[in-house]
Amino acid sequence: MLKMTHLSKVYRTEVVETYALRDFNINVNEGEFVAVTGPSGSGKTTFLTIAGLLETFTGGQYHLDGVEVSNLNDNERSRIRNEKIGFIFQAFNLIPDLNVYDNVEVPLRYRGMKGPERKERIMQALERVGLASRAKHYPAELSGGQQQRVAIARALAGSPRLLLADEPTGNLDTQMARGVMELLEEIHREGATIVMVTHDPELAARAQRNVHIIDGQVVDLAEDPRFHQAVHAARANTPA
Amino acid sequence: MQIKPILSALRQHKAGTLLIAMQIALTLAIVCNALFIIQQRLAHLSEPTGIDEPDIFVVQNEWVGKLSTSQADARMQEDLRAIRQLASVQDVTPSNSYPLRGSGWDDGIRLKPDQLQDTSGSTVYFGDEHFIDTLGVKLVAGRNFRPEEVAPMDMRYSLSPPVVIVTRALADKLFPAGDALGKTIYLAGSPTAIVGIIDQLQAQSVERWAAAFAHRSVIVPRRLAVSLGAYYIVRARPGQLDAAMRETPRALFAINPRRVISDKDGLLSFAQVRDRAYERDRGMAILMGLICVVLLAITAAGIVGLTSFWVGQRRKQIGVRRALGATRRDILGYFLTENLLISCGGALLGVLLAVAVNLWLVVRFEMNRLSLAYVLAGVVLLLLLGQGAVLAPALRASRVPPVEATRSV
Ligand SMILES: Nc1ncnc2c1ncn2[C@@H]1O[C@H](COP(=O)(O)OP(=O)(O)O)[C@@H](O)[C@H]1O
Ligand SMILES: [Mg+2]
């Protein structure tokens, strides 16, 4: 589904060059649920933005669904984002001027979907996250957990095959975080591929696979006993 | 198109939206009316006088000292003979006034001696048997004055010419059946017969007060013989206007230096006369044009300003939209459509306002009714202006990268 080889990303400013990613290699299979962890500034967000075609990269290769993405133009990238990828951001990123219904509708309109189908999908997605009754509310009128569930509904409505989540629970309290995590797991069980960046070892432990990033590179977990212990401890603490 | 969500998003930005819509409405109302006024003025100032303007100039001659009517007339006849002898001059006629002069003699005309109300107002021009040829007006019926009909006249005498020549406009007004020639009319109370009809001769004034009799002129066979002097209307031979204007005053001073021909306006080509007559109209047209340009510029600047502000404010959501699959064109289209919707709202209001402003002008200043073509032109102009003004900020918006969605504020 998602395969990066020797990928690098350099941010250049007038004074410095920052290697956000270097010789970055990862392979995520269709249907996997991968949790990405790593210290702040290690390149997790950079990885997700490149994976989600929000940003270009400096070197190496990235195949998404078998397609080398560096050959795609801006319009093609927009279309793939629209049809194949769903985004969930730490800051929810709902459009404040639009109510819940209109927010979920945004990607469907860009897909050129007809009104009745849009309506059906929007209501389905909102029911799925338990917010059908809040369709007319504006983001500012909802709690953080509710906003993130709307964002998930927006990502779901287009039935994406790949869901990218950047610390989706980072701004939520534990209980709300758990609700969001359960929702993601449910979506995963239905066949979506999920890549989730998280700081929370407990949530990471619930994923099928963990990828650790340090200094812009994927680090083999087996070679890093400290992290291994942390995950182990977290697993032990998680109620079954 | 995504009109519905754009409208609902605009509901969250009522103040800015209303401000721009009102500005567009106001600009539209004023610009439509201003354009209309400009057009009216331009039409007014291109109205023909009916005379051979390119070859004509006017000398205002004033005598020094007091002269009797017969003395003044003798001197004037001498002047006219001298002018006629100049090689560059075709003909000359003395008069009390001329078209577009600004002021002159106007008088009422009646069809019966005991009539209480004038049948028409008219401009009264003095002229001799050379009047028609000098001005280059066309005699369409009847005959010219005979030399023996032309008499000198002082301002103290009452105006009672035996015959007159009238313009077709006046003839048609007095005798709509078309049988004016030979008829008796009462000019300033005394009877006189219409012996000739000329095609066209405009009034002295182009101001509103003279509009009712703008082309209804009557020519009386009289020479104004007073010490204050008279106007010599001169027609140069084709292409010799400059020479004639140089030679005429020289010839006059050679005969008799005891006269005044003012440096300021003693000698005017008809082109200068026309310029002076329409100074106000031209000034008004230019002023209106300037107002339009300034208003349109302010409105465009307002649109650019507000849209730029909105684009800055919405960078994040533009990034989010891009992340969710919007292409650059979608973003560009969003801002263009948004502006079009606001502009249409403003234009709708503006049309009503434009008609209201015009109605007020009609009642207050006797303006003409605004033609719908101007309203339509104004609407199109403002919609285009809006789209033009919004283009730069909208293009900037379309270049916001999708990664903006992930940046924390
Ligand atoms: N737009 C940018 N310009 C310059 N440097 C950047 C930019 N975005 C990220 N970086 C740098 O790249 C590195 C990785 O950042 P990021 O991917 O956000 O890390 P993480 O999400 O793991 O905290 C950091 O050193 C960060 O400062
Ligand atoms: Mg990050």
Side-chain angles (χ1 to χ4, degrees), chain A residues 11 44-46 48-50 52-56 73-99 101-113 115 118 136 138-140 151 154-155 157-158 160 164 166-167 170-171 197, chain B residues 1-18 20 306-307 309-339 341-342 394-409:
Chain A
Y11 287 110
K44 304 182 297 295
T45 297
T46 304
L48 269 199
T49 56
I50 292 173
L53 305 187
L54 297 181
E55 186 138 56
T56 56
N73 67 26
D74 195 74
N75 282 344
E76 291 165 334
R77 293 163 69 90
S78 295
R79 217 191 65 233
I80 291 178
R81 283 198 296 272
N82 183 256
E83 292 178 355
K84 290 193 181 167
I85 303 173
F87 288 98
I88 301 165
F89 306 92
Q90 178 174 3
F92 321 136
N93 284 2
L94 296 178
I95 294 172
D97 301 337
L98 299 178
N99 65 25
Y101 184 98
D102 291 340
N103 258 288
V104 178
E105 193 178 37
V106 169
L108 305 183
R109 277 190 183 261
Y110 288 130
R111 200 182 286 192
M113 207 177 265
R118 286 203 305 263
K136 294 289 169 217
Y138 281 85
R154 182 173 69 181
L164 301 175
D166 192 357
E167 303 192 32
N171 287 1
V197 168
Chain B
M1 254 303 160
Q2 34 181 338
I3 289 173
K4 197 196 129 246
I6 293 179
L7 282 179
S8 19
L10 278 179
R11 274 210 298 273
Q12 308 298 310
H13 300 272
K14 282 200 191 80
T17 305
L18 270 176
I20 290 296
L306 184 72
T307 315
F309 172 69
W310 277 351
V311 169
Q313 204 184 33
R314 298 181 195 167
R315 272 187 81 82
K316 178 107 177 178
Q317 69 157 284
I318 294 167
V320 172
R321 285 176 185 277
R322 293 282 278 129
L324 295 176
T327 59
R328 284 188 190 151
R329 280 178 70 127
D330 287 329
I331 301 298
L332 183 68
Y334 184 97
F335 283 95
L336 290 181
T337 309
E338 184 181 71
N339 171 268
L341 291 173
I342 299 175
L395 279 171
R396 222 176 310 130
S398 76
R399 286 194 290 264
V400 169
V403 74
E404 193 76 24
T406 64
R407 302 233 165 101
S408 36
V409 195

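Each chain gets a letter, A, B and so on, in the order its sequence line appears, and its residues count up from 1.
Comparing A:Leu94, A:Asp74, A:Ile85 by how many heavy-atom pairs each has under 4.5 Å with chain B, the most go to A:Asp74. Among the candidates A:Asn93, A:Asp102, A:Leu53, the residue making the largest number of heavy-atom pairs closer than 4.5 Å to chain B is A:Asn93. Interface remark: of the candidates B:Gln317, B:Arg322, B:Arg329, B:Arg322 forms the most heavy-atom pairs closer than 4.5 Å to chain A.
A donor-acceptor pair under 3.5 Å is absent between the side-chain atoms of A:Arg111 and the main chain of A:Val106, judged by distance alone. Looking at A:Asn103, its side chain never comes within 3.5 Å of a backbone N or O of A:Ala151 through a donor-acceptor pair.
Of the two parts of B:Val403, the backbone and the side chain both hold a non-hydrogen atom closer than 4.5 Å to a non-hydrogen atom of chain A. Using a 4.5 Å cut-off between heavy atoms, B:Arg314 contacts chain A through its side chain alone, with no backbone atom that close.
For B:Thr327, the side-chain hydrogen bond (donor to acceptor under 3.5 Å, both in side chains) criterion is met by B:Asp330, not counting sequence neighbours.
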Distance-only criterion, 3.5 Å: show the donor-acceptor pairs between side-chain atoms of residues 6-15 of chain B and protein atoms not counting sequence neighbours.
| residue | atom | partner | partner atom | Å |
| --- | --- | --- | --- | --- |
| B:Ser8 | OG | B:Lys4 | O | 2.8 |
| B:Ser8 | OG | B:Pro5 | O | 3.3 |
| B:Gln12 | NE2 | A:Tyr138 | OH | 3.2 |
| B:His13 | NE2 | A:Asp97 | OD1 | 3.1 |
| B:His13 | NE2 | A:Asp97 | OD2 | 3.0 |
| B:Lys14 | NZ | B:Arg11 | O | 3.4 |

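For B:Phe309, the CZ atom is loosely surrounded, since the number of other residues' heavy atoms within 6.0 Å does not exceed 12.
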